[in-house]
Amino acid sequence: MKNIIFIAPPAAGKGTISDYLVKNYQYEHISTGDLLREEIASGSEFGQKLDVILKSGSLVDDETVIRLVNHKITSLSHQAFILDGFPRTLGQAKVLDEMFRELNIHNNVVIYLSVDLDTVLKRVTARVICPKCKRSYNLNNEKLKPIHKDTCDDCGYALIRRDDDNEETFKVRYESFIKNTKPILDFYQDKGMLKEIDATLPLEVIYDRIENEAKND
Ligand code: ADP
């Protein structure tokens with residue numbers, strides 16, 4: 001399978017789709033949001049600074065996220081990976097391009113999950129996540145609900161709501177997506193790497209389309 005780079009507004013479903021791909025195709029899931037939340041959970045001084053930024057809904061500086069992603073990608077063995085939440089700025093996209101060239105990584109597809117503001121707003125306010133395994137659930141969706149209310153199906157941990165999953169912070173994140181992240185679409189379109197999938201379709205249809213796009217030629 002090809003490496004997948006997801007571009008999408010917050011709460012479009014990148015995490016849920018990534019879980020499916022990890023389980024079925026052994027992808028390595030690289031989520032910059034998860035990496036940043038791990039640093040925050042460590043209680044380090046740097047983590048405390050990140051916590052303030054994530055709670056506000058703003059973006060973390062390019063240098064920090066690039067360092068995290070570079071470290072992850074260079075430590076991978078041979079399996080295909082998913083980039084979830086990176087790149088989020090044109091600057092990050094250009095550095096990623098350079099990274100791919102240096103590491104001789106060419107088997108990539110960029111998938112844009114398009115979805116309207118109303119839908120993502122509904123999804124974000126119904127999202128709970130497992131702090132241990134990072135699986136995410138949606139309390140309003142029969143297929144994405146946990147089996148036992150409040151606990152993770154996979155590891156039994158108590159589910160939590162993310163600090164930034166509230167309406168006010170979500171609006172900042174969504175605006176940042178429009179301003180900083182949407183311009184990346186043209187960058188990848190020009191390179192012929194971009195595929196768009198409607199993220200409001202039923203999950204099985206989305207999975208099927210992604211499998212088709214990510215299959216090796
Ligand atoms: P979602 O899945 O809802 O889009 P993420 O978990 O990917 O949210 O990201 C949560 C927060 O982490 C972002 O709002 C931002 O503050 C920070 N973040 C994640 N990825 C990046 C990135 N590539 N560049 C800058 N900040 C990032």
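Bear in mind the structure is a predicted one, so any value in this text is a computation, not a measurement. First listed ligand is number 1; within each ligand, the first listed atom is number 1. These numbers come from the heavy atoms of this one structure, side chains and all, not from hydrogens, waters or symmetry mates.
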[X] heavy atoms, cut-off 4.0 Å: which ligand 1 atoms fall inside?
| X | answer |
| --- | --- |
| A11 | 3 (O) |
| R127 | 3 (O) |
| G33 | 5 (P), 6 (O), 9 (O), 19 (C) |
| T32 | 19 (C), 20 (N), 21 (C), 23 (N) |
| L59 | 25 (C), 26 (N) |

Taking [atom] as the reference point, the nearest protein heavy atom with its distance:
| atom | result |
| --- | --- |
| atom 17 (C) of ligand 1 | L36 CD1, 3.5 Å |
| atom 8 (O) of ligand 1 | R162 NH2, 3.1 Å |
| atom 25 (C) of ligand 1 | V60 O, 3.2 Å |

Neighbour count >12 (heavy atoms, 6.0 Å) for atom CD, E211 | yes
Just say parallel, tilted or perpendicular for the rings of Y27 and Y25, cut-offs at 30° and 60°.
-> perpendicular
Which of parallel (below 30°), tilted (30 to 60°) and perpendicular (above 60°) describes F81 and F100?
->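 The arrangement is tilted - the two ring planes meet at 30° to 60°.
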Between [X] and [Y], does at least one N-O distance fall below 4.0 Å, as a salt bridge requires?
| X | Y | answer |
| --- | --- | --- |
| D19 | K134 | no |
| E168 | K55 | no |
| E175 | K171 | no |
| D116 | K122 | no |
| D154 | K132 | no |

Identify which of [options] has a heavy atom lying nearest to [atom].
| atom | options | answer |
| --- | --- | --- |
| atom 23 (N) of ligand 1 | A12, G85, A8 | G85 |
| atom 19 (C) of ligand 1 | K14, R88, R37, R123 | R88 |
| atom 15 (C) of ligand 1 | S58, S18, P10 | S58 |
| atom 24 (N) of ligand 1 | Q92, R173, K134 | Q92 |

